[in-house]
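Take this structure first; my questions come after.
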Amino acid sequence: MKYRRQHKSLFCISILSPFYFLLLQCFSTVTASNYAATYNPTDNIALDCGSSGNSTASDGRAWTGDIGSILATLQPLDTTIAARAIRQGPVEGIPYLTARMSSSQFTYTFLVSAGLKFVRLYFYPSWYPGFDRSKALFSVKSGPFTLLSNFRADLVADSLGLEYFVREFCINVEENQLLNLTFSPSPSSSNDSYAFVNGIEIVSMPHNLYYTPAGADGIPFIGQTYFYEIENITALETMYRLDVGGHSISPTGDSGMFRFWSDDNQFFMGGGVIPDKANSTIKYTKETPAYIAPAEVYQTSRSMGPNKTWNMRNNLTWVLPVDLGFRYLVRLHLCETNRAITQVSDRQFIIYIDGEMVDEAADAIIWSGGNSIPAYRDYLAMIGFEGTQGKYNLSIDLHSRAGFSVYVDAVLNGIEIFKLNSTTGSLAGPNPEPPKTIFLTEPSQLTIKGSSNKKTTFIAVGVIVTVGLVLLSLRLYTMFRLQRESKDHGYKLKFTETKASLLPWEVCHQFSKAETKEVTHV
Ligand SMILES: *[C@@H]1O[C@H](CO)[C@@H](O)[C@H](O)[C@H]1NC(C)=O
Ligand SMILES: *[C@@H]1O[C@H](CO)[C@@H](O)[C@H](O)[C@H]1NC(C)=O
Ligand SMILES: *[C@@H]1O[C@H](CO)[C@@H](O)[C@H](O)[C@H]1NC(C)=O
Ligand SMILES: *[C@@H]1O[C@H](CO)[C@@H](O)[C@H](O)[C@H]1NC(C)=O
Ligand SMILES: *[C@@H]1O[C@H](CO)[C@@H](O)[C@H](O)[C@H]1NC(C)=O
Ligand SMILES: *[C@@H]1O[C@H](CO)[C@@H](O)[C@H](O)[C@H]1NC(C)=O
Ligand SMILES: *[C@@H]1O[C@H](CO)[C@@H](O)[C@H](O)[C@H]1NC(C)=O
Ligand SMILES: *[C@@H]1O[C@H](CO)[C@@H](O)[C@H](O)[C@H]1NC(C)=O
Ligand SMILES: *[C@@H]1O[C@H](CO)[C@@H](O)[C@H](O)[C@H]1NC(C)=O
């Protein structure tokens with residue numbers, strides 16, 4: 001009886017299975033196209049500060065002037081000035097042509113939906129009528145977060161060899177809350193410091209893009225034994241977003257959130273090869289939908305090349321300067337586009353971040369499930385003690401897993417690095433040191449520096465700290481390393497606890513107040 005019933009139902013299924021199959025296929029094509037869809041942000045504000053009316057930037061993005069705009073309110077109105085840069089040279093154009101400036105505090109308030117937002121601040125440190133380029137010195141706060149502190153946009157631009165730049169942050173807006181951005185000139189001995197901003201962008205992002213979704217495991221904390229959750233109460237600052245082995249991707253080429261992806265040339269330490277750009281269509285999935293990164297990121301990569309002997313003796317290495325004293329989210333993007341590589345163990349490699357092994361058998365096929373399917377992995381790194389100041393070279397090393405892998409090789413498609421706010425809510429790092437070779441006084445003497453010397457000037461980026469502070473940081477850092485090394489000497493990272501807790505040194509550490517600002521590359 002029982003047997004017969006089972007038999008009957010099996011018969012039923014076998015008759016119906018072609019229909020099921022068709023149905024499933026139909027369903028999967030529908031969902032697949034959903035995964036391939038770019039993101040459509042709820043809030044998408046591009047405010048061109050110091051101008052009025054609508055305008056279109058060279059990349060086609062629509063900007064709205066802040067004068068008379070309903071997108072934002074500005075307070076107080078009477079102490080700020082809408083200004084046009086004196087020198088309008090080879091500047092990109094909108095939103096850099098005009099700025100909002102003031103020698104006293106001002107606040108922009110945006111009425112936006114609840115949820116996570118990208119907040120982008122656009123700066124063109126130039127001469128504006130009545131405002132000396134080097135006197136801009138200010139802080140930017142949003143709710144409990146200090147985004148910039150004693151910020152010198154001119155030093156940042158000079159150190160990058162750029163005329164203008166963008167800073168990107170991720171901030172959560174609670175239900176029925178407004179998003180405020182307060183610009184405050186920092187006190188200076190001559191009382192003539194001022195604050196300015198050329199453009200402000202606010203774009204919604206999917207909640208699970210960088211933040212830990214409810215119920216998820218969290219992110220492996222390098223050198224620790226637990227997972228770390230990035231929660232709504234934490235703000236992020238983008239440090240790097242690199243299309244490894246590819247070209248920079250403009251905001252309009254992103255998958256809907258206007259993120260800028262740069263090439264990795266100045267951070268890659270050499271030795272690798274750039275494989276042919278894959279023709280393959282990137283197959284986005286539920287785990288890695290298209291908004292995670294545009295196809296171009298996954299179609300380009302760096303690998304080690306065909307010389308096994310050389311590959312065995314070397315690493316694929318990226319070196320990315322960051323600020324000491326903060327936690328960082330490190331995201332690695334991987335997608336196997338080499339058609340010859342389809343099986344697990346075809347190309348396996350070891351991943352080290354900051355000298356620590358974080359994956360002893362990275363494999364694009366394991367990560368994603370197949371060729372041309374994208375995947376990413378997140379890691380959390382604490383760099384130095386909170387409160388220490390200075391620069392630190394964060395390294396990412398890939399080494400082939402010879403003996404376990406068909407190809408003696410390693411490969412990577414993309415890198416993103418974000419700074420997490422400190423326990424006091426700050427994301428601000430020190431300003432770069434004034435470049436010694438550049439002496440700027442008047443607009444007429446301004447020498448235009450192209451982005452071609454980006455690399456050399458970047459390497460020259462220094463930090464304003466006294467020798468004593470440097471030594472102190474080094475000491476603290478050595479202690480930190482020793483402590484960490486003694487903790488994690490194993491071959492494999494073990495994660496047992498599931499919840500992040502405050503580390504002892506974070507609880508008892510005294511914070512340095514001298515927070516100044518530095519560079520990023522977004
Ligand atoms: C600017 O564009 C918005 C729609 O994008 C429109 O509602 C508004 O009227 C425009 N303003 C002007 C001054 O053209
Ligand atoms: C965090 O914010 C997201 C929206 O951005 C919301 O869906 C989620 O419930 C929030 N989580 C908590 C714990 O407030
Ligand atoms: C933003 O500013 C408004 C008006 O000034 C204030 O009511 C609100 O509490 C502020 N929101 C936050 C998150 O600070
Ligand atoms: C700086 O400003 C304060 C008050 O805002 C004033 O008392 C002081 O005299 C000013 N100092 C200089 C050097 O202008
Ligand atoms: C991509 O396609 C072009 C032309 O269709 C071909 O010449 C090239 O070899 C292909 N590249 C790869 C990596 O398959
Ligand atoms: C491979 O690399 C090794 C070590 O760098 C070198 O000695 C050898 O000449 C290389 N072989 C080829 C074919 O380039
Ligand atoms: C690769 O990098 C790791 C981590 O920094 C290091 O321990 C290892 O010695 C490097 N290997 C080679 C061959 O350079
Ligand atoms: C980082 O590396 C660059 C060159 O690779 C070096 O010039 C610089 O001094 C390093 N910075 C630190 C803080 O070690
Ligand atoms: C970020 O700042 C907020 C507000 O000060 C704080 O509650 C939160 O714990 C901070 N996040 C981290 C990771 O320290």
Side-chain angles (χ1 to χ4, degrees), residues 141-147 159 169-172 174 210-212 218-219 221-223 228-237 266-272 304 309-329 349-360 380-384 386-402 408 410 418-430 432-433 455-463 465 470 473-474 477 481 485 489 491 499-503 506-507 509 511 518-519:
K141 292 193 177 179
S142 181
F145 306 115
T146 301
L147 309 183
S159 75
F169 304 90
C170 304
I171 296 174
N172 186 54
E174 298 283 332
Y210 302 119
Y211 285 66
T212 312
I219 304 162
F221 197 155
I222 299 169
Y228 189 94
E229 290 169 23
I230 300 185
E231 296 173 330
N232 291 352
I233 188 61
T234 293
L236 308 179
E237 176 177 5
Q266 67 191 109
F267 310 106
F268 181 63
M269 291 302 118
M304 298 191 88
T309 322
W310 191 88
N311 294 0
M312 230 115 83
R313 292 183 197 156
N314 289 278
N315 282 343
L316 270 189
T317 303
W318 289 262
V319 172
L320 304 136
V322 295
D323 293 321
L324 276 171
F326 290 92
R327 295 185 189 82
Y328 293 89
L329 164 63
F349 54 95
I350 306 167
I351 301 177
Y352 302 89
I353 294 177
D354 191 24
E356 305 262 354
M357 182 186 295
V358 297
D359 195 333
E360 60 168 325
L380 199 98
M382 175 79 207
I383 301 298
E386 184 166 317
T388 51
Q389 294 222 332
K391 279 273 163 197
Y392 182 77
N393 282 338
L394 178 62
S395 62
I396 297 171
D397 290 289
L398 309 184
H399 190 72
S400 102
R401 199 166 176 249
V408 178
F418 300 87
K419 183 196 272 182
L420 276 66
N421 69 258
S422 69
T423 52
T424 54
S426 179
L427 283 161
E433 218 164 73
K455 183 164 186 163
T456 42
T457 46
F458 181 75
I459 289 168
V461 169
V463 182
V465 277
V470 170
S473 324
L474 280 176
Y477 186 67
R481 279 303 282 233
E485 267 154 29
H489 43 76
Y491 182 69
K499 191 88 186 168
S501 61
L502 276 184
L503 306 173
E506 292 173 336
V507 176
H509 195 79
F511 309 115
E518 66 78 43
V519 292

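Note: hydrogens, waters and symmetry copies are ignored here, and every other heavy atom, side chains too, is used. As the structure lists them, so they are numbered: ligands from 1, and atoms in each ligand from 1. Every value quoted in this text rests on a predicted model; they were computed, and no experiment measured them.
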Original post:
Does an N or O from Asn393, backbone or side chain, lie closer than 3.5 Å to an N or O of ligand 8?
Top reply: yes

Original post:
Within the structure, does Asn421 bring an N/O atom to less than 3.5 angstrom of an N/O atom in ligand 9?
Top reply: yes

Subject >> atom 7 (O) of ligand 7 - nearest protein heavy atom and its distance >> reply: Tyr352 CE2, 4.4 Å

Original post:
Are Ser426 and Thr424 close enough that a side-chain donor and a side-chain acceptor fall under 3.5 Å?
Top reply: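 Absent: no donor and acceptor within the cut-off.
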
**OP:** Decide side chain to side chain contact (heavy atoms under 4.5 Å, CB included) for Leu236 and Leu420; before the verdict, give the C-alpha distance in whole Å, the side-chain angles of both, and the deciding distance to 0.1 Å.
**Re:** CA-CA 5 Å; Leu236 308 179; Leu420 276 66; 3.7 Å; yes

**OP:** Please identify which atoms of ligand 7 are closer than 4.0 Å to at least one heavy atom of Asp397.
**Re:** 2 (O), 4 (C), 5 (O)

**OP:** With heavy atoms of Tyr228 as the reference, note each atom of ligand 9 found under 4.0 Å away.
**Re:** 13 (C)

Subject >> Any donor-acceptor N/O pair, Tyr228 side chain to Ile222 backbone, under 3.5 Å >> reply: no

Original post:
Any side-chain heavy-atom pair from Val322 and Lys391 closer than 4.5 angstrom?
Top reply: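 Contact flag for Val322/Lys391 side chains = no.
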
Subject >> Numbered atoms and elements of ligand 9 in range of Arg327, under 4.0 angstrom, heavy atoms >> reply: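 Result: 13 (C), 14 (O).
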
Original post:
When you look for heavy atoms under 4.0 Å from ligand 9, do you find them on the side chain of Ala235, its backbone, both, or neither?
Top reply: neither

**OP:** Please name the pair of heavy atoms, one in Tyr211 and one in Cys170, separated by the smallest distance, quoted to 0.1 Å.
**Re:** OH-O, 3.4 Å

Subject >> Min side-chain heavy-atom separation Leu394-Val319 under 4.5 Å >> reply: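 Counting from C-beta outward, Leu394 and Val319 never come under 4.5 Å.
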
**OP:** Using modelled atom types only, decide if a donor and an acceptor are shared between the side chain of His399 and the backbone of Phe349 within a distance under 3.5 Å.
**Re:**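 It does not hold such a pair.
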
**OP:** Show which atoms of ligand 7 fall inside a sub-4.0 Å distance from at least one heavy-atom site of Arg313.
**Re:**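 Near Arg313, meaning under 4.0 Å from one of its heavy atoms, ligand 7 has 13 (C).
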
Original post:
Which atoms from ligand 8 have a heavy atom of Lys391 less than 4.0 Å away?
Top reply: 13 (C)

Subject >> Contacting atoms of ligand 9, where contact means under 4.0 angstrom from a heavy atom of Gly425 >> reply: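 Atoms satisfying the 4.0 Å criterion: 2 (O), 5 (O).
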
Subject >> Heavy-atom nearest neighbour in the protein, as seen from atom 1 (C) of ligand 7, with distance rounded to 0.1 Å >> reply: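 That would be Asn315 ND2, 1.4 Å.
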
Subject >> Tyr328 side-chain N/O to Asp323 backbone N/O, donor-acceptor pair under 3.5 Å >> reply: yes

**OP:** Could you find the nearest protein heavy atom to atom 3 (C) of ligand 9 and give me its residue, atom name and distance?
**Re:** Ile233 O, 3.5 Å

Original post:
Any donor and acceptor pair, going by atom type alone, linking the side chain of Ser400 with main-chain N or O of Ala410 inside 3.5 Å?
Top reply: no

Subject >> Any protein heavy atom nearer than 4.0 Å to atom 9 (O) of ligand 9 >> reply: no

Subject >> Sub-4.0 Å heavy-atom contact, Gly355 with ligand 7 >> reply: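 For ligand 7, residue contact (heavy atoms, under 4.0 Å) with Gly355 is present.
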
